[in-house]
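Each remark here refers to the structure printed beneath this line.
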Amino acid sequence: MVFPNPKENRTICKEEKLLVFTECYCPNGHNLVTKNAKFDEFHGIFLKISKGNKTGHIALSPVYGCKTTVTIGINLIQGNTYSLSCTVCDAALPVFSKCHCGGDIFTLFLDKKAKFDWFVGACNRIGCENAYIQIGEELVTTARLNAL
């Protein structure tokens, strides 16, 4: 099953410079980027998402800074926090830190070693746009990316 981008034309990000994740891993080394979720020409990040006894799936745009998502089997409520896990092994995505909004910064590792020095972090609160990339000792934010 392929879940297409809800837009017909390349509109998810009109920026001249794009940072696209082609691989993201759970703590057990499963690649979360899949061809089953497409955002324009890019393969999406596919996760299990839950709150209480409600569970579904979410596909996230792999373009850093673009907040386009598609959900299956669950309705997300603005302001609520959700748990995220791997669709292969059901491992919870680890929490790196607390977010300034009170949510948790969950972790998508950028290599199979699952170390906290090479990851993408994003808030699990719907509507919070806090996200960043940790590469070694460098923290990359959307503002930093736009300045490059």
Pairwise distance CD(Glu129) to NZ(Lys67) - rounded to 0.5 angstrom: 5.5 Å
Residues which pass ring pair (Phe, Tyr, Trp, His ring centres under 6.0 Å) with His57, listed by chain and number, not counting sequence neighbours: Phe46
Supply the atom-to-atom distance Lys48 NZ to Cys86 SG, rounded to the nearest 0.5 angstrom. 9.5 Å
Looking at every heavy atom in both Asp90 and Ser85, which two are closest together, and how far apart are they? OD1-OG, 3.4 Å
d(Ile105 CD1, Ser97 OG) to nearest 0.5 Å is 5.0 Å
Treating Ser61 as the side-chain partner and Thr68 as the backbone partner, does any N or O pair qualify as donor plus acceptor under 3.5 Å? no
Just do the side-chain contact (heavy atoms from CB on, under 4.5 Å) check on His100 and Asn130 with the steps written out, would you? CA-CA 8 Å; His100 60 78; Asn130 190 13; 3.6 Å; yes
Any donor-acceptor pair under 3.5 Å from Thr71 side chain to Ile74 backbone: yes
Measure the shortest side-chain to side-chain distance between Phe21 and Leu108 over non-hydrogen atoms and say whether it is less than 4.5 angstrom. no
side-chain contact (heavy atoms from CB on, under 4.5 Å) between Ile49 and Leu47: does it pass, once the steps are laid out? CA-CA 6 Å; Ile49 187 166; Leu47 303 168; 5.9 Å; no
Tightest non-hydrogen contact, residues Pro62 and Phe39, listed as CD-CD1, 4.0 Å
Any residue meeting ring pair (Phe, Tyr, Trp, His ring centres under 6.0 Å) with Phe96, in chain and number order, not counting sequence neighbours: Phe116, Phe119
Output all residues satisfying side-chain contact (heavy atoms from CB on, under 4.5 Å) with Val95, sequence neighbours left out; order by chain, then residue number. Asp104
For Lys54, give me all partners under salt bridge (Lys or Arg N to Asp or Glu O under 4.0 Å), at least two apart in sequence or on another chain. none
Under a 4.5 Å cut-off applied to non-hydrogen side-chain atoms, are Asp40 and Val63 in contact? no
Look at the side chain of Arg125 and the backbone N and O of Thr81, then say whether any donor-acceptor pair between them is shorter than 3.5 Å. no
Answer yes or no: is there a side-chain heavy-atom contact under 4.5 Å between Leu19 and Ile133? yes
For side-chain contact (heavy atoms from CB on, under 4.5 Å), just list the numbers for Ile77 and Ile126, CA-CA rounded to whole Å, side-chain angles, deciding distance to a tenth of an Å, and then say yes or no. CA-CA 7 Å; Ile77 299 171; Ile126 303 303; over 6 Å; no
Hey, could you give me each pair passing side chain to side chain donor-acceptor pair (under 3.5 Å) that has a residue in residues 108-121? Not counting sequence neighbours. none
Measure across Cys123 and Gly103 and return the closest heavy-atom pair with its distance rounded to 0.1 Å. SG-CA, 4.1 Å
Excluding sequence neighbours, so at least two apart, what forms side-chain contact (heavy atoms from CB on, under 4.5 Å) with Asn75? none
Could you report the tightest heavy-atom contact between Asn31 and Glu23, atom names first, then the distance? OD1-CA, 3.6 Å
Is there a side-chain hydrogen bond (donor to acceptor under 3.5 Å, both in side chains) between Tyr132 and Gln134 once you walk through the steps? CA-CA 7 Å; Tyr132 53 86; Gln134 182 78 37; over 6 Å; no
Is a side-chain donor or acceptor of Tyr82 paired with a backbone partner of Thr55 at a separation under 3.5 angstrom? no
Identify the heavy atoms of Ile45 and Cys24 that sit nearest to each other, and give their distance. CD1-SG, 4.0 Å
Provide the closest heavy-atom pair for Gln78 versus Gly127 in the form atom of the first, atom of the second, distance. NE2-CA, 3.3 Å
Is Lys51 close to Asn80 at the side-chain level, that is, under 4.5 Å between some pair of heavy atoms? yes
Going through the distances and angles, do Leu32 and Leu60 end up as a side-chain contact (heavy atoms from CB on, under 4.5 Å)? CA-CA 10 Å; Leu32 302 169; Leu60 309 173; over 6 Å; no
